[in-house]
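Index from 1, following the sequence.
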Amino acid sequence: MRTTNPIILNVANMVTPQHVADAINFIGGSPIMFTDPREAGDLTGISNALVLNLGSTNPEAFKSVISSGREANKKDIPVVVDPVAIGASKIRDTNFKLLSESVKIAAIRGNISEIAHIADVAWASKGIDAGQDSGDKIAIAKTAAIKTGAFIIISGEQDIVTDGHSVFIIQNGNPQFATNVGAGDMLDGIIGVALATEFNLESCAFGTALLSVAGEIAAQEYPNQPYSFFNAVFDTLAQLDDTTFQKYAKIIQE
């Protein structure tokens, strides 16, 4: 990833663009953030992946989502989508539906509530911090992958990555991620870097595990200080190498 230094174009959530840009940069990518749809063609033309966060779109920002998504498809670069709090409002549902009808999506990253909504499976909790409910998360992820034709990533205590057939479970991480808004958005960007480097399910799982491993390492120094922990996650991402990653990564293939 650091050798190829892929350019990742982002339509970001207004809450977290700096976190996302830093995560992409520290792990080896080169971030570009944009909001003006008139730039979609030019910026997509120089990019290696596109990450679309639907968490704070307005009509003008959504034009950037659609226009850049279509340009990415023309260029055949991966499109990563975060359907933030889908199911919480009609606008979010409509935006995701329009996007999925207009753009070929390579990967969708969300919590279990968001992915369950996409899979048309009932799940009690809504929003960015979905709680526990009863259900087979792997089956939900597979259903969403088959329905959308995209890699599905469910982030949580254990991360699930699937194409509807093969499944990777990542057993790294730390509960302090849940208290820091923007960790999922950072993961979107890292997945974009991974898929821009090598487009397959294994690369998607690898990218997903990077943030979880960084959290596990950071928590060794800051086990109960969520803000210090979050800063340490960025430091760890910047310093992470293959040897350290392989030492800590707990990735199970089913």
Side-chain angles (χ1 to χ4, degrees), residues 1-86 89 91-110 114 128 148-151 153 181-199 203-204 207 211 234 237-238:
M1 294 161 69
R2 291 186 174 126
T3 300
T4 57
N5 188 223
I7 297 172
I8 312 301
L9 182 61
N10 301 265
V11 178
N13 189 323
M14 68 178 186
V15 180
T16 58
Q18 187 66 57
H19 288 337
V20 174
D22 287 341
I24 290 170
N25 190 50
F26 289 171
I27 210 65
S30 181
I32 303 177
M33 325 305 269
F34 90 112
T35 57
D36 191 330
R38 294 173 297 179
E39 292 188 299
D42 289 341
L43 295 181
T44 307
I46 62 170
S47 300
N48 304 108
L50 171 67
V51 177
L52 302 173
N53 187 297
L54 304 183
S56 57
T57 55
N58 55 49
E60 193 66 17
F62 193 66
K63 290 180 184 177
S64 298
V65 167
I66 295 295
S67 56
S68 60
R70 287 172 171 164
E71 291 295 328
N73 284 173
K74 290 178 185 177
K75 191 185 175 187
D76 197 27
I77 62 173
V79 178
V80 179
V81 174
D82 186 339
V84 181
I86 188 174
S89 75
I91 289 292
R92 291 172 191 255
D93 288 358
T94 299
N95 283 349
F96 181 79
K97 184 174 184 294
L98 289 173
L99 175 61
S100 59
E101 290 173 348
S102 304
V103 174
K104 181 177 178 6
I105 301 170
I108 301 171
R109 201 286 313 168
E114 292 157 350
I128 63 168
T148 61
F151 297 151
I153 304 96
V181 175
D185 298 357
M186 291 161 53
L187 179 55
D188 302 335
I190 293 171
I191 291 169
V193 177
L195 290 178
T197 304
E198 187 173 327
F199 186 79
S203 183
C204 191
L211 184 62
F234 286 105
L237 285 174

message: In terms of relative ring orientation, are Phe234 and Phe26 parallel, tilted or perpendicular, with 30° and 60° separating the classes?
response: perpendicular
message: If we ignore hydrogens and angles and just use 3.5 Å, is the side chain of Lys75 paired with the main-chain N or O of Ser47 as donor and acceptor?
response: yes
- line: When rounded to the nearest 0.5 Å, the distance separating CD1 of Ile86 from NZ of Lys97 is 11.5 Å
message: Between Arg92 and Pro83, is there a side-chain heavy-atom distance shorter than 4.5 Å?
response: no
- prompt: Shortest non-hydrogen contact from Leu187 to Gly207?
  reply: CD1-O, 4.0 Å
- prompt: Any idea which heavy atoms bring Ile66 and Leu99 closest together, and the distance?
  reply: CD1-CA, 3.8 Å
- line: Heavy-atom nearest pair, Ser68 first then Leu52, reads OG-CD2, 3.7 Å
- prompt: Between the main-chain N or O of Phe199 and the side-chain N or O of Ser203, is there a donor-acceptor pair closer than 3.5 Å?
  reply: no
message: Rounded to the nearest 0.5 Å, what separates atom CD1 in Ile91 from atom CZ in Phe62?
response: 9.5 Å
query: So, Ser30 side chain and Asn5 main chain: donor-acceptor pair closer than 3.5 Å or not?
result: no
message: Run Ile105 and Thr148 through side-chain contact (heavy atoms from CB on, under 4.5 Å) and show every step you take.
response: CA-CA 8 Å; Ile105 301 170; Thr148 61; over 6 Å; no
query: With respect to Asp82, which candidate in Ile191, Asp185, Leu54 satisfies the side-chain contact (heavy atoms from CB on, under 4.5 Å) definition?
result: Asp185
- request: Check whether any side-chain heavy atom of Val20 sits under 4.5 Å from a side-chain heavy atom of Asp188, and report yes or no.
  value: no
query: Is there any side-chain hydrogen bond (donor to acceptor under 3.5 Å, both in side chains) pair reaching into residues 36-45, and which pairs are they, with sequence neighbours excluded?
result: Asp36-Arg38
message: Using side-chain heavy atoms (C-beta onward) and a distance below 4.5 Å, is Ile153 in contact with Cys204?
response: yes
message: Please report the interatomic distance CG(Asp93) to CG(Leu98), rounded to the nearest 0.5 Å.
response: 11.0 Å
field: Pair Val11-Phe34, side-chain contact (heavy atoms from CB on, under 4.5 Å): steps then yes or no
entry: CA-CA 6 Å; Val11 178; Phe34 90 112; 3.5 Å; yes
query: If you round to the nearest 0.5 Å, how far is OG1 of Thr16 from CG of Asn53?
result: 6.0 Å
task: Check for a donor-acceptor pair, side chain of Asn10 on one end and backbone N or O of Met33 on the other, with a separation under 3.5 Å.
output: no
- prompt: For Val51 and Gly189, which heavy atoms make the closest approach, and how far apart are they?
  reply: CG2-CA, 4.2 Å
task: Measure the spacing between CD1 of Ile46 and CG of Leu9 and express it to the nearest 0.5 Å.
output: 8.0 Å
field: Test salt bridge (Lys or Arg N to Asp or Glu O under 4.0 Å) applied to Lys74 - qualifying residues, sequence neighbours left out
entry: Glu71
query: For Ala12 and Ser56, which heavy atoms make the closest approach, and how far apart are they?
result: O-OG, 4.2 Å
- request: Decide yes or no for Ile27 and Met1: does some side-chain heavy atom of the first lie under 4.5 Å from some side-chain heavy atom of the second?
  value: yes
- prompt: Are the side chain of Asn48 and the backbone of Ala196 linked by a donor-acceptor contact shorter than 3.5 Å?
  reply: no
Whether over 12 other heavy atoms sit under 6.0 Å from Asp76 CG: no
message: Can a donor-acceptor pair be found, under 3.5 Å and without considering hydrogens, that links the side chain of Ser67 to the backbone of Ala40?
response: no
field: Side chain to side chain, Ile8 and Ile32, heavy atoms closer than 4.5 Å
entry: no
message: Looking at every heavy atom in both Asn73 and Lys104, which two are closest together, and how far apart are they?
response: OD1-N, 2.7 Å
